[in-house]
Amino acid sequence: MSKQYRFPENFLWGSATAAYQIEGSPLADGAGPSIWQRFAHTPGRMLNDDNGDVACDHYNRWRDDVGLMKQLGMQGYRFSVSWSRVMPEGRGRVNPKGLDFYERLVDTLLENGIQPTATLFHWDLPAALDDRGGWLNPDIADWFGEYSEVMYKRLDGRIKRWATLNEPWVVTDGGYLHGALAPGHRNRFEAPIASHNLLRAHGKSVQVYRAVGKHEVGLVVNIEPKYPASQSPEDLAATRRAEAYMNRQYLDPVFFGTYPEELREIFGEAWPEWPQADMDLIRQPLDFIGVNYYTRNVARHDEANWPLKVSPVRQTQHTYTETGWEVFPQGLTDTLTWVKERYGNPKVFITENGAAFFDPPKAERGRVRDPLRVSYLRQHLRAVHKAIEAGCDIQGYYVWSLLDNLEWSLGYSKRFGIVHVDFETQTRTPKDSARYYASVVASHGEAL
Ligand SMILES: N#[N+]C[C@@H]1[C@@H](O)[C@H](O)[C@@H](O)[C@@H]2O[C@H]12
């Protein structure tokens, strides 16, 4: 073991999942449908026509999965709450059996010494709210505040760290601009409105938390650092646009109360003038920021690539994952130091980091060898340590993901788990990466 990579004593090691990706039973016990339940049952939307009807059957196997986390020595677990399981219509009526599910999960995590962190919205909007316009309806900020209050009042104290939203950029870019994710819209006028209402809802939820909560609330964003393909003015401008669109579009309003000016350049007439009252609502002080990091992007100007006019340049010198992402651990260090320098060194948790590499559909004699994922974790955890040594206030890391699960519209074709799931039998098998990660956790980083 090497003390070279020992992490701070209070550093939290965990794993992360999301409701629609692992739970299954989306309509059980009074739950209402989400837009992902609808989307996944819409022909042509999902690879192999996969859906979340069963997923990892976590709704029934949750106790064994907590036992798995305990066995691996996990100190924290980041999960998401299915809004429509708790409030079937998204507002008004509360489904007691839905709340009970999350209460049992949280109590069992605590009994096993595992800190629960809950994300209130991880993309699975109640379908009933989408019927009312969803993220395009400004009333959604109040709807999200109402749901937030139900959760905060029921579980705050046992849950001491809450995230309002997961990756608003993906919800907007995938769900409203390019259409690859639920609700599957392709509309450059809708995208800014959805994005803005996501941030308004976040702000409303934080206000509610300050009124009824006593612990921590934050926002989880995906950050993908952008590097120019060349120093040409066009590529430098393209990189700036890409960086504003993905990385500053959410944190600037939260920390500064303003949007990056590039967004008007990108969206043109589709970019509205936002009321100052909205910007004041969004700019609620937070207790932490969750950063999801997977890869970087080398950007070049591409006039034809609407609306950003940017395209990625493949880096042949590096390994790529099954999702086509370059393995670039330096990008994680660069991201964390960028957040520190731009936003005043806020408390950060790495709320997702991991990779999909090919794993067989079945374990071989109780083992799943995944050397590429072991290498990915080693490199990225070392990159985190480098950022901590540079003075970044990083207080925890959640590997994505605990389990192989439903990778949204890519179905079950992409396996991110450190624990293999045989989707025919629901057998869980810790991969070599799980054993490796467990050794890192047990040694507080010295095994890196
Ligand atoms: N793709 N991919 C893996 C992972 C996805 O499974 C999570 O739900 C998202 O929060 C984020 O996109 C990252």
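Numbering of ligands and ligand atoms starts at 1, following listing order. If you read the sequence from its start, that first residue is 1, and numbering goes on from there. What you see is a predicted model, and the numbers here were worked out from it, not measured in a lab. The basis for the numbers below is simple: all heavy atoms, side chains too, and nothing from hydrogens, waters or symmetry mates.
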Can you see whether Ser433 engages Tyr376 through a side-chain donor-acceptor pair at a distance of less than 3.5 angstrom?
no
Polar side-chain atom of Asn112 near backbone of Ile114 as donor-acceptor pair, under 3.5 Å:
no
Hey, is ligand 1 close enough to Trp123 that some N/O pair sits below 3.5 Å?
no
cation_pi(Arg85, Tyr59) dist<6.0 Å, angle<=45:
yes
Tell me whether the NZ or CZ atom of Arg314 lies within the 45° cone about the ring axis of Tyr320 and under 6.0 Å from its centre.
yes
Identify whether the distance between the nearest side-chain nitrogen and carboxylate oxygen of Asp252 and Arg342 falls below 4.0 Å.
yes
May I ask you to establish whether Arg296 and Phe328 are in a cation-pi arrangement, using a distance under 6.0 Å from NZ or CZ to the six-membered ring centre and at most 45° from the ring axis?
yes
Determine whether the side chain, the backbone, both or neither of Trp325 has a heavy atom under 4.0 Å from any heavy atom of ligand 1.
side chain
To the nearest 0.1 Å, how far is atom 9 (C) of ligand 1 from its closest protein heavy atom, and which atom is that?
Glu352 OE1, 3.4 Å
Side chain or backbone, does Asn405 bring an N or O within less than 3.5 Å of an N or O on ligand 1?
no
Just jot down the ligand 1 atoms closer than 4.0 angstrom to any heavy atom of Gln21, in number order.
6 (O), 7 (C), 8 (O)
Can you report which non-hydrogen protein atom sits closest to atom 12 (O) of ligand 1, along with the distance?
Glu167 OE1, 3.6 Å
Taking only non-hydrogen atoms of Tyr294 and a 4.0 Å limit, the atoms of ligand 1 in range are 3 (C), 4 (C), 13 (C)
With respect to Asn166, determine whether any N or O atom, backbone or side chain, lies less than 3.5 Å from an N or O atom of ligand 1.
yes
For atom 1 (N) of ligand 1, which protein heavy atom lies nearest, and how many Å away is it?
Glu407 OE2, 3.0 Å
Short N or O distance, His122 and ligand 1, threshold 3.5 Å exclusive:
yes
NZ (Lys309) with more than 12 external heavy atoms under 6.0 Å:
no
